[in-house]
Engineer: 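First the structure, which I've put down as structure tokens, then a few questions once you've had a look.
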Amino acid sequence: MQELKSRPDKDARREAILDVASRIFLEEGFDAASMSAIAAKLGGSKGTLYNYFKSKEELFEAFVDRHCAIHARLIDSFEVDGGGYREALRRWAKQYLRIVTSDSTMRNYRVIMAVSERWPDIGRAFYENGPLRGARNVANFLAKAAQAGEFVIDDTLRAAHQFIALCQSRYQKARFLNYLPEPDEAEIEAEVEAAIAAFYAAYGQRG
């Protein structure tokens, strides 16, 4: 496979296959994509491709797993420094909104959602490793902040989902439907500030 010759390491070759398969899934959709087309794009035979992935379904599962892993690395962590909990929440929310409203994320979501209609297991796997994992990380942060006296929260997971919904409320459906372009930094900042103000009004510690 031409694209793999310069990447002799087995893991690197697998990533190269995923790079090509991802482009085909996003450009043509899951149904139109085929192992033959992916092998052709790579410049080799289907036999070599099957050494790494036994089926198109297995390849798509790896595509979903990688999408979740990339996002997890970008938005899993909260850093509380001199700015305190509010600033940590603000930084996380800006990064989160940049990622989930990006063109690349929207394209991935649309493909995964279309496949989930008839393949519920892939939808569950994506939700558990993506949105739900993110909400649980926010919930863990909120629990620590509540212990420190920043918030009064009975159910941190519910509160996490609410904060995430506040952040993406105006953009989620509009972006899914290509009604709005990616928000710019000023729009992201305004949306995050409004979300934080509403969240603190609901859960902030009152002296």
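Heavy-atom basis, side chains included; hydrogens, waters and symmetry copies ignored.
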Engineer: In terms of relative ring orientation, are Tyr96 and Trp92 parallel, tilted or perpendicular, with 30° and 60° separating the classes?
Structural biologist: parallel

Engineer: Please lay out, stage by stage, how Phe30 and Arg118 fare under the test side chain to side chain contact (heavy atoms under 4.5 Å, CB included).
Structural biologist: CA-CA 12 Å; Phe30 176 78; Arg118 63 183 184 282; 3.6 Å; yes

Engineer: In the structure I gave you, are the side-chain heavy atoms of Lys41 and Ile17 within less than 4.5 Å of one another anywhere?
Structural biologist: no

Engineer: Give a yes or no answer on whether the side chain of Thr101 reaches the backbone of Glu182 with a donor-acceptor pair at less than 3.5 Å.
Structural biologist: no

Engineer: Is the shortest side-chain heavy-atom distance between Asn129 and Val64 below 4.5 Å?
Structural biologist: no

Engineer: Quick one: does Gln162's side chain get under 4.5 Å of Tyr203's, heavy atoms only?
Structural biologist: yes

Engineer: Going through the distances and angles, do Arg66 and Glu15 end up as a salt bridge (Lys or Arg N to Asp or Glu O under 4.0 Å)?
Structural biologist: CA-CA 9 Å; Arg66 186 168 72 160; Glu15 288 302 305; 2.8 Å; yes

Engineer: If I compare all heavy atoms of Ala139 with all of Ala160, which pair ends up nearest, and what's the gap?
Structural biologist: N-CB, 3.6 Å

Engineer: Is there a side-chain contact between Pro120 and Arg124 in this structure, where contact means two heavy atoms from C-beta onward sitting under 4.5 Å apart?
Structural biologist: yes

Engineer: Fit a plane to each ring of His67 and Tyr109, take the angle between them on a 0 to 90° scale, and name the class: parallel (under 30°), tilted (30 to 60°) or perpendicular (over 60°).
Structural biologist: perpendicular

Engineer: Provide the closest heavy-atom pair for Leu49 versus Met35 in the form atom of the first, atom of the second, distance.
Structural biologist: CD2-O, 3.4 Å

Engineer: For the residue pair Gly123 and Ser116, what are the closest heavy atoms and their distance?
Structural biologist: CA-OG, 3.1 Å

Engineer: Nearest 0.5 Å, please: how far is CD1 in Ile99 from OG1 in Thr105?
Structural biologist: 7.0 Å

Engineer: Within 45° of the ring axis of Tyr200 and under 6.0 Å from its six-membered ring centre, is that where the NZ or CZ of Arg86 lies?
Structural biologist: yes

Engineer: Is there a side-chain contact between Leu18 and Phe53 in this structure, where contact means two heavy atoms from C-beta onward sitting under 4.5 Å apart?
Structural biologist: yes

Engineer: Is there a salt bridge (Lys or Arg N to Asp or Glu O under 4.0 Å) between Glu150 and Lys144 once you walk through the steps?
Structural biologist: CA-CA 9 Å; Glu150 187 79 2; Lys144 293 174 183 176; over 6 Å; no

Engineer: When you look at Glu191 and Ile188, which way does the side chain to side chain contact (heavy atoms under 4.5 Å, CB included) test go after all the steps?
Structural biologist: CA-CA 5 Å; Glu191 207 67 18; Ile188 286 173; 5.8 Å; no

Engineer: Nearest 0.5 Å please: distance from the CD atom of Gln95 over to the CZ atom of Arg98.
Structural biologist: 5.5 Å

Engineer: Below 4.0 angstrom, N of the basic side chain to O of the carboxylate: do Glu193 and Arg90 qualify?
Structural biologist: yes

Engineer: Under 30°, 30 to 60°, or over 60°: which ring-plane class applies to Phe199 and Phe163, parallel, tilted or perpendicular?
Structural biologist: perpendicular

Engineer: Mark yes or no for whether Gln168, through its side chain, and Ala165, through its backbone, hold a donor-acceptor pair below 3.5 Å.
Structural biologist: no

Engineer: Is there a side-chain contact between Glu28 and Arg23 (heavy atoms, below 4.5 Å)?
Structural biologist: no

Engineer: Once you round to the nearest 0.5 Å, how far does CE of Met113 lie from CG of Asn108?
Structural biologist: 12.5 Å

Engineer: Does Val80 form a side chain to side chain contact (heavy atoms under 4.5 Å, CB included) with Phe141? I'd like the steps, not just the answer.
Structural biologist: CA-CA 10 Å; Val80 180; Phe141 168 81; 3.8 Å; yes

Engineer: Return the minimal non-hydrogen interatomic distance between Ala33 and Ile24, and the atom names on each side.
Structural biologist: CB-CG2, 3.6 Å

Engineer: Look at Glu128 together with Arg133 and state whether they make a salt bridge at an N to O cut-off of under 4.0 Å.
Structural biologist: no

Engineer: Show the nearest heavy-atom pair for residues Asn178 and Arg110, with the distance to one decimal.
Structural biologist: OD1-NH2, 3.2 Å

Engineer: Taking all non-hydrogen atoms of both residues, which atom of Cys167 and which atom of Leu97 are closest, and how far apart?
Structural biologist: O-CD1, 3.4 Å

Engineer: Could you label the plane-to-plane angle of the Phe60 and Phe25 rings as parallel, tilted or perpendicular, counting under 30° as parallel and over 60° as perpendicular?
Structural biologist: perpendicular

Engineer: Is there a side chain to side chain contact (heavy atoms under 4.5 Å, CB included) between Ile122 and Tyr127 once you walk through the steps?
Structural biologist: CA-CA 9 Å; Ile122 202 69; Tyr127 182 74; over 6 Å; no

Engineer: Start with the C-alpha distance between Ser34 and Ser36, add both sets of side-chain angles, then the distance that settles side-chain hydrogen bond (donor to acceptor under 3.5 Å, both in side chains), and finish with yes or no.
Structural biologist: CA-CA 5 Å; Ser34 69; Ser36 296; 4.7 Å; no

